[in-house]
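These numbers come from a predicted model, not from an experiment.
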Amino acid sequence: MAASYHLFFIIYLSGFAAFPIFSFVYANANTTQHSWTPINHHLYHSGEGLIEKIKSLVHRHPDKLTVETIQAGTKDYKADITVVTYSQNWEQSDDKSKLRILLSFGQHARELISSELALQILSALGEEQFPPEMDPASLHDTLENVVIKIVPIENLNGRKIVDAGELCERRNGRGVDLNRNWAVDWGKKEKDYDPAEEYPGTAPFSEPETQIMQELAVSFNPHIWVNVHSGTDGLFMPYDHKKSTPDGLPSQRMRELLDELNVLYCSKRCLVGSGGTAVGYLAHGTATDYMYDVVRVPMAFTFEIYGDDKASGADCFKMFNPIDQTTFKRVMDQWCASFFTLFKLGPVCLM
């Protein structure tokens, strides 16, 4: 039988937006060629393995780090989220005068690099491994009046599916996109809506993972929120669901901070601005928009830390994660350093 060529229109989604990619697949009666890159287990932990390594790190530094596991769900579907808290002075860890920072990684299952960055940041907070040129003494002074809560893998159930070989899965264990399950502008669908990628659930906060994160945010009441994804290089602020940024001085300060991080760590190549404007696609029901509009977090961001725009639309691991040691280390060092600059500049920007 004669060979044929078929054009497939593939929707590539990063943390909040869909990117159209055209991909040609050669097919005949017997074969279909795929460009699949497997997980590089020399660089990446399994989801459960990463959580265990983080718990061991916390155990070695009880003076600075604590860990808890929060559970929610029903008899049919349950979720566990591990939360690590950093504070230099535990007797003052709930002091409302401190700068409170909440960071979430691994919300989308296939974005393994984000959770590896969480481990790297925690290693630096434990003073075990520092980014190049970081002065430990300066780090200690920067964090003296800061409390940081880190969620290394928000979507552990989805991550288990990826670890089992479904490398394109981004949703949770029952097929819901956790970054479409929040209450701000929930459920609205764009023309390119794909339920296999963006299904928002049956209602806002229908998912136990989102319920846990919402309750954590309200109780902790952070000054800074960062939702960490991969899929491109970007530093985004509200809004994701419309092509505008908030009005006033807080919005201006967010933009100034992102512009500085772009110069220092992205060589000005990162997309910067509101999610809906910078990328050109709208996303509805996102965590960052909820944090800003409802929880009233003064500075709410989405960071996109890596993307391979030359990868095939079907090659999800390569598209969202570095596959070689050199690139992996560059991403780790670059973005770990950027977070510690955020920790340093955040109090200044909030004054």
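Note that CD1 of Ile39 is 9.0 Å distant from OG of Ser46, once rounded to the nearest 0.5 Å. Note that CD1 of Ile305 is 10.0 Å distant from CD of Glu116, once rounded to the nearest 0.5 Å. We find the OG1-NZ distance between Thr37 and Lys318 to be 5.5 Å, quoted to the nearest 0.5 Å. Going from atom NE2 of His223 over to atom CE of Met299 covers 11.0 Å, rounded to the nearest 0.5 Å. Atom CD of Glu304 is separated from atom OG of Ser230 by 7.0 Å, given to the nearest 0.5 angstrom. Between atom CG of residue Leu102 and atom CG of residue Leu216 there is a gap of 5.0 Å, rounded to the nearest 0.5 Å.
Ring-centre distance between Tyr44 and Phe328: below the 6.0 Å cut-off. Aromatic rings from Phe303 and Tyr265 are positioned such that their centres are separated by 6.0 Å or more. For Tyr290 and Phe205, the gap between ring centers is short of 6.0 Å.
When all heavy atoms are compared, the tightest approach of Tyr239 to Pro246 is CE1-CG, 3.7 Å. Closest heavy-atom contact between Val272 and Arg255: CG1-NE, 3.6 Å. Pro298 and Leu350 get closest at one heavy-atom pair: CB-CD2, 3.5 Å. Annotation for His61 and Gly126: closest pair CE1-O, 3.0 Å, computed over non-hydrogen atoms. Closest non-hydrogen pair, Pro200 versus Tyr193, comes out as CD-OH, 3.6 Å. Heavy-atom minimum distance, Pro238 versus Ala300: CD-O, 3.1 Å.
Within a 6.0 Å radius of CD in Glu166, no more than 12 heavy atoms belonging to other residues, nucleotides or ligands are found. For Lys329, the NZ atom counts as loosely surrounded, since its 6.0 Å shell holds 12 or fewer non-hydrogen atoms of other residues, nucleotides or ligands. The number of heavy-atom neighbours closer than 6.0 Å to CG of Asp324, taken from other residues, nucleotides and ligands shown, is above 12.
Proximity of Leu342 to Val226: side-chain heavy atoms (C-beta onward) are separated by under 4.5 Å at one or more points. Within the 4.5 Å cutoff, side-chain heavy atoms of Thr288 are placed close to those of Asp240. Residues His108 and Asn179 meet the side-chain proximity criterion, which asks for heavy atoms closer than 4.5 Å. Residues Phe220 and Val218 fail the side-chain proximity criterion, which asks for heavy atoms closer than 4.5 Å. Using a 4.5 Å cut-off on side-chain heavy atoms (C-beta onward), Glu154 and Met213 make contact. Val58 has its side chain out of reach of Arg60: every pair of non-hydrogen atoms, C-beta onward, lies at least 4.5 Å apart. The side-chain heavy atoms of Leu50 and Ile153, taken from C-beta on, include a pair separated by under 4.5 Å. In this structure, Leu167 and Arg110 have side chains that are not in contact, with every pair of non-hydrogen atoms separated by 4.5 Å or more.
Under the 4.5 Å side-chain heavy-atom criterion for Ile, Leu, Val, Met, Phe, Trp and Tyr, Leu345 and Val263 are members of distinct hydrophobic clusters. In the hydrophobic clustering of this structure, Ile113 groups with Leu43; members are Ile, Leu, Val, Met, Phe, Trp, Tyr whose side-chain heavy atoms approach within less than 4.5 Å, directly or through other members. Hydrophobic clustering (ILVMFWY, side-chain heavy atoms < 4.5 Å, transitive): Phe340 and Val84 are in one cluster. Under the 4.5 Å side-chain heavy-atom criterion for Ile, Leu, Val, Met, Phe, Trp and Tyr, Leu156 and Leu57 are members of the same hydrophobic cluster. Connection of Ile121 to Ile54 is established within a shared hydrophobic cluster, with ILVMFWY side chains joined at heavy-atom distances below 4.5 Å, either directly or through further cluster members.
At least one donor-acceptor pair under 3.5 Å links the side chain of Ser312 to the backbone N or O of Ala314. Looking at Gln88, its side chain does come within 3.5 Å of a backbone N or O of His140 through a donor-acceptor pair. At least one donor-acceptor pair closer than 3.5 Å links the side chain of Thr74 to the backbone N or O of Asp76. In terms of modelled atom types and a separation under 3.5 Å, the side chain of Thr210 and the main chain of Ser206 share no donor-acceptor contact. Distance alone, capped at 3.5 Å, is enough to place a donor-acceptor pair between the Asn155 side chain and the Gln107 backbone. Between the side chain of Thr66 and the main chain of Pro62, no donor-acceptor pair closer than 3.5 Å is present. The backbone N or O of Phe317 sits less than 3.5 Å from a side-chain atom of Asn321, completing a donor-acceptor pair. When atom types are taken as modelled, the side chain of Ser123 and the backbone of Leu119 share a donor-acceptor pair closer than 3.5 angstrom. Asp163 contributes a side-chain N or O that, together with a main-chain N or O of Gly47, makes up a donor-acceptor pair within less than 3.5 Å.
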**Q.** Chi angles and distances behind the side chain to side chain contact (heavy atoms under 4.5 Å, CB included) call for Leu257, Phe301
**A.** CA-CA 11 Å; Leu257 178 56; Phe301 303 119; 4.1 Å; yes

Q | Chi angles and distances behind the side-chain hydrogen bond (donor to acceptor under 3.5 Å, both in side chains) call for Thr85, Lys149 | A | CA-CA 4 Å; Thr85 303; Lys149 287 189 180 291; 2.8 Å; yes

**Q.** Arg171/Asp177 under salt bridge (charged side-chain N to carboxylate O under 4.0 Å, His left out): CA gap, chis, key distance, verdict
**A.** CA-CA 4 Å; Arg171 303 165 300 170; Asp177 182 345; over 6 Å; no

Q: Verify salt bridge (charged side-chain N to carboxylate O under 4.0 Å, His left out) between Glu169 and Arg159, making sure each step is shown before the conclusion.
A: CA-CA 8 Å; Glu169 184 58 74; Arg159 176 60 185 275; over 6 Å; no

Q. Given the rule in the side-chain hydrogen bond (donor to acceptor under 3.5 Å, both in side chains) test, do Tyr77 and Glu209 qualify, once you have shown the distances and angles that lead to the verdict?
A. CA-CA 10 Å; Tyr77 183 77; Glu209 296 94 340; 2.6 Å; yes

(Q) Could you go through Glu207 and Asn172, starting from their C-alpha distance and side-chain angles, then the distance that decides it, and tell me whether this counts as side-chain hydrogen bond (donor to acceptor under 3.5 Å, both in side chains)? (A) CA-CA 9 Å; Glu207 303 312 294; Asn172 74 349; 2.9 Å; yes

**Q.** Verdict with reasoning, Leu143 to Leu139, per side chain to side chain contact (heavy atoms under 4.5 Å, CB included)
**A.** CA-CA 6 Å; Leu143 299 175; Leu139 171 64; 3.4 Å; yes

Q: Report the C-alpha separation of Asp309 and Thr232 in whole Å, then their side-chain angles, then the decisive distance to 0.1 Å, and conclude whether the side chain to side chain contact (heavy atoms under 4.5 Å, CB included) test is met.
A: CA-CA 8 Å; Asp309 58 6; Thr232 188; over 6 Å; no

Q: Using the side chain to side chain contact (heavy atoms under 4.5 Å, CB included) rule, take Trp182 and Gln214 through it: C-alpha gap first, then chi angles, then the decisive distance, then the call.
A: CA-CA 9 Å; Trp182 296 74; Gln214 192 265 352; 4.0 Å; yes

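When each of Glu198, Glu190, Glu197 is checked for a salt bridge (charged side-chain N to carboxylate O under 4.0 Å, His left out) with Arg180, only Glu198 meets the rule. Results of the side chain to side chain donor-acceptor pair (under 3.5 Å) test with His241 over Asp289, Thr286, Asp185 single out Asp289 as the only residue that passes.
Note: Phe343 and Phe339 have tilted aromatic rings, judged against thresholds of 30 and 60 degrees for the angle between ring planes.
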